[in-house]
Amino acid sequence: MGRVQSAARNIVFGYIGNLTTQLLGFVLRTIFIAHLGDTLNGVNDLYTSILSVLSMAELGVGTALNYSLYGPVARKDYERIKSYMRLYRQAYRVIGLVIAVIGLAVSPFLPYLVKQPQGVTVRDMTLYYFIFLFNTVSSYFVAYKYSLVNAEQNNYIQTNIITVTKMITVTLQILVIIVTENFYFYLLTAAFVELVQKFFVSWYLNRRYPYLKDKNVAKLSSEETGEIVKKTKALMFHKIGDVARLQTDSMIISSFINVTLVGYVGNYNMILTSVSNFVNIIFNSVLSSFGNLIATESKDKQYQVFRVYRFFACWVYGFSAVGFFLLLTPLIMLWPSVGPDKVLPSVVIGCILVDYYFKGDRIVLSNFKTAAGVFEQDKYLALIQGAVNLVISIVLVQKIGLAGVYIGTIISGLIANVTKPYIIYKACFDRNVRSYFADSVKYLAVILGILVLLLGVKHVVMQEVTVFSFAGMFVVISVVFNGIFLLLFGRTEEFGYLWEIVKRKIDRGNRRNRK
């Protein structure tokens, strides 16, 4: 199966899985807030962020080893695959133990991280946290096996397993909340189902790849191990910086404002994440295909695909950012159990969405850079970003409140938007980066122009927030944004490349139907 077909299959299963899990998640969160309240909703979101920070202990080992697997998988070199997988298993067992130790060490400081937890004792906060910690630590004893599936461009297998697990977990959690209204039972239900899933994954992947159980496994050469260590060291800096920039907002909000506001922000983030996950499925599904592309194609071909990938990202992220800016707060107002009293200020929404759009650009850059194994050239950049984010966010949150947290996130993120293109264009394409920034200005100007136009339309179409006015505005945004983008860029080489892929898929479907 070719790269395009593999990516397409991964995207289709990714969409099905994401739609299912996000709808269930929306129902679960609605019932959660109604039965357990905003404070526990905030605690739930905060602990998820804390455990994401603890997962920093992975420090890029998985990314480095995934990159190392692309070549052996393409060559069907099973002996080399076994060697890499054994190293991966050993590394992740150590990582799981490290996270357990660090997690236990953090637990005494929870009262300082959770401000104003109404009705929640320190004992309860600690026990809740230990259940979260168990789920995170146990995942490292199985997760390494997915690397081989993904290196084979079969990401859909992981997606399907996660989807089924999520369906079972959420269904049981909804029943538990309605029947018991107990947060402990809610957490333990997820822990039990996910533990069963981990045993199943281990059994299933051992059957799929029986050679992974072989005892006779050759050690990697010092050169191969050294290359992995070299890339892991570079990725370590990326990981630490990314965590400091992306995973600390909830902790800053909880520590300097209150934990309930973490839940309000989490309501917005859930909607953002639900939609952005659909977008990210496309970009993450082609990551393994990029690895294959880079291993087998010329730099000119890589550059052509990169430009198409980037054009598509600006289109999709621009469309979703404009839609979010116009419709996110109305959707919160219409959401049962949330409502108008839990909306965030417009300036905060604007800051969140500015970072959201530029994050789309960074995903393109990071995915291509990861697939190409370019880790060392900017290994200190993420550390600088993390430090900038923490300093600006902590200073501004005390001066201007919630918006200050996101101003720090925007400024630190833009550092990568400016520097990473230089690295990629030099290391991967041997080209001048000027065209990248010219395209950036062009795409951004069009998106801002469309936003101004649609803001005027919104005052006419959505004078009151109702389900019908919301649906009408959504249709208007979809038609106007995509119509203008198609009018302006429909004759470009990038759009032509995408259209050829669509036509091939249609033709292939028609041939199957005729049979």
Side-chain angles (χ1 to χ4, degrees), residues 42 45-46 48-50 52-53 113 115-116 238 240-273 275-276 314 317-318 320-329 332 342-363 365-366 378 380-421 437 440-441 443-445 447-448 451-452 455:
D45 290 341
L46 173 64
T48 300
S49 295
I50 291 175
S52 296
V53 172
L113 294 173
K115 189 174 182 180
Q116 300 177 15
H238 288 281
I240 294 171
D242 285 346
V243 165
R245 204 187 72 78
L246 300 174
Q247 304 296 341
T248 54
D249 287 350
S250 293
M251 285 184 281
I252 293 172
I253 295 168
S254 177
S255 300
F256 288 94
I257 304 178
N258 62 66
V259 72
T260 302
L261 187 58
V262 174
Y264 292 176
V265 172
N267 296 334
Y268 279 81
N269 283 337
M270 181 181 182
I271 299 171
L272 276 169
T273 302
V275 176
S276 62
C314 289
Y317 277 97
S320 52
V322 168
F324 278 139
F325 188 79
L326 297 168
L327 295 177
L328 193 52
T329 292
I332 289 290
K342 298 171 186 175
V343 301
L344 300 178
S346 296
V347 65
V348 174
I349 304 301
C351 289
I352 291 172
L353 292 175
V354 167
D355 183 63
Y356 169 84
Y357 173 76
F358 285 109
K359 188 185 295 180
D361 246 3
R362 292 194 294 273
I363 286 173
L365 297 166
S366 297
D378 61 342
Y380 298 116
L381 177 64
L383 289 177
I384 296 170
Q385 288 181 270
V388 168
N389 176 62
L390 287 174
V391 171
I392 295 177
S393 294
I394 290 173
V395 170
L396 291 185
V397 73
Q398 298 175 77
K399 294 183 179 296
I400 62 175
L402 185 58
V405 177
Y406 294 104
I407 290 173
T409 304
I410 292 169
I411 294 172
S412 61
L414 287 174
I415 296 172
N417 288 89
V418 172
T419 55
K420 285 189 177 182
F437 293 111
S440 297
V441 173
Y443 296 140
L444 189 58
I447 291 166
L448 289 174
L451 175 60
V452 171
L455 280 169

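Fair warning: this is a prediction, and the values are worked out from it, not measured in the lab.
- When all heavy atoms of Gly408 and Ile392 are compared, the closest pair comes out as CA-CG2, 3.5 Å.
- Note that the NZ atom of Lys342 and the CG atom of Asn267 stand 7.0 Å from one another [nearest 0.5 Å].
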Pair Phe437-Val441, side chain to side chain contact (heavy atoms under 4.5 Å, CB included): steps then yes or no: CA-CA 6 Å; Phe437 293 111; Val441 173; 5.7 Å; no
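- Contact detail for Leu46 and Ser254: the closest heavy-atom pair is CD2-OG, 3.5 Å.
- At least one side-chain heavy atom of Val322 sits under 4.5 Å from a side-chain heavy atom of Leu326.
- Looking only at atom types and distance, the side chain of Tyr356 has a donor-acceptor partner in the side chain of Ser320 under 3.5 Å away.
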Pair Phe256-Val405, side chain to side chain contact (heavy atoms under 4.5 Å, CB included): steps then yes or no: CA-CA 10 Å; Phe256 288 94; Val405 177; over 6 Å; no
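- Put simply, the side chain of Val343 does not reach to within 4.5 Å of the side chain of Ile349, judged on heavy atoms.
- One finds the CG atom of Asn417 at 11.5 Å from the NZ atom of Lys359 (value rounded to the nearest 0.5 Å).
- Residues Cys314 and Asp361 approach most closely at SG-OD1, 3.7 Å, considering heavy atoms.
- Remark: the backbone N or O of Thr409 is paired with a side-chain donor or acceptor of Ser412 at under 3.5 angstrom.
- The shortest side-chain heavy-atom distance between Leu444 and Phe358 falls under the 4.5 Å cut-off.
- If you take CG on Leu328 and CG on Leu344, they are separated by 8.5 Å, rounding to the nearest 0.5 Å.
- Taking CD1 of Ile407 as the start and NZ of Lys399 as the end, the distance is 12.5 Å to the nearest 0.5 Å.
- Annotation: side chain of Pro421 is in contact with side chain of Leu365 (closest heavy-atom distance under 4.5 Å).
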Stepwise side chain to side chain contact (heavy atoms under 4.5 Å, CB included) check, Tyr268 with Thr329: CA-CA 8 Å; Tyr268 279 81; Thr329 292; 3.3 Å; yes
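- Here the straight-line distance linking atom CG of Leu390 with atom CG of Asp249 works out to 9.0 Å at 0.5 Å rounding.
- Looking at every heavy atom in both residues, Arg362 comes nearest to Ala416 through CD-CB, 3.8 Å.
- With a 4.5 Å cut-off on side-chain heavy atoms, Asp355 and Leu414 do not count as touching.
- Contact check for Ser250 versus Val265: no side-chain heavy atoms found under the 4.5 Å cut-off.
- Taking 4.5 Å as the limit, every side-chain heavy atom of Ile411 sits out of range of all side-chain heavy atoms of Asn389.
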Side chain to side chain contact (heavy atoms under 4.5 Å, CB included) assessment of Ile257 paired with Val397: CA-CA 8 Å; Ile257 304 178; Val397 73; 3.9 Å; yes
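- At a threshold of 4.5 Å between non-hydrogen side-chain atoms, the residues Ile363 and Tyr317 count as touching.
- Between Tyr406 and Ile253 the shortest heavy-atom distance is OH-CD1, 4.0 Å.
- Summarising the geometry of Gly350 relative to Phe325, their closest heavy-atom pair is CA-CE1, 3.9 Å, with the distance given to 0.1 Å.
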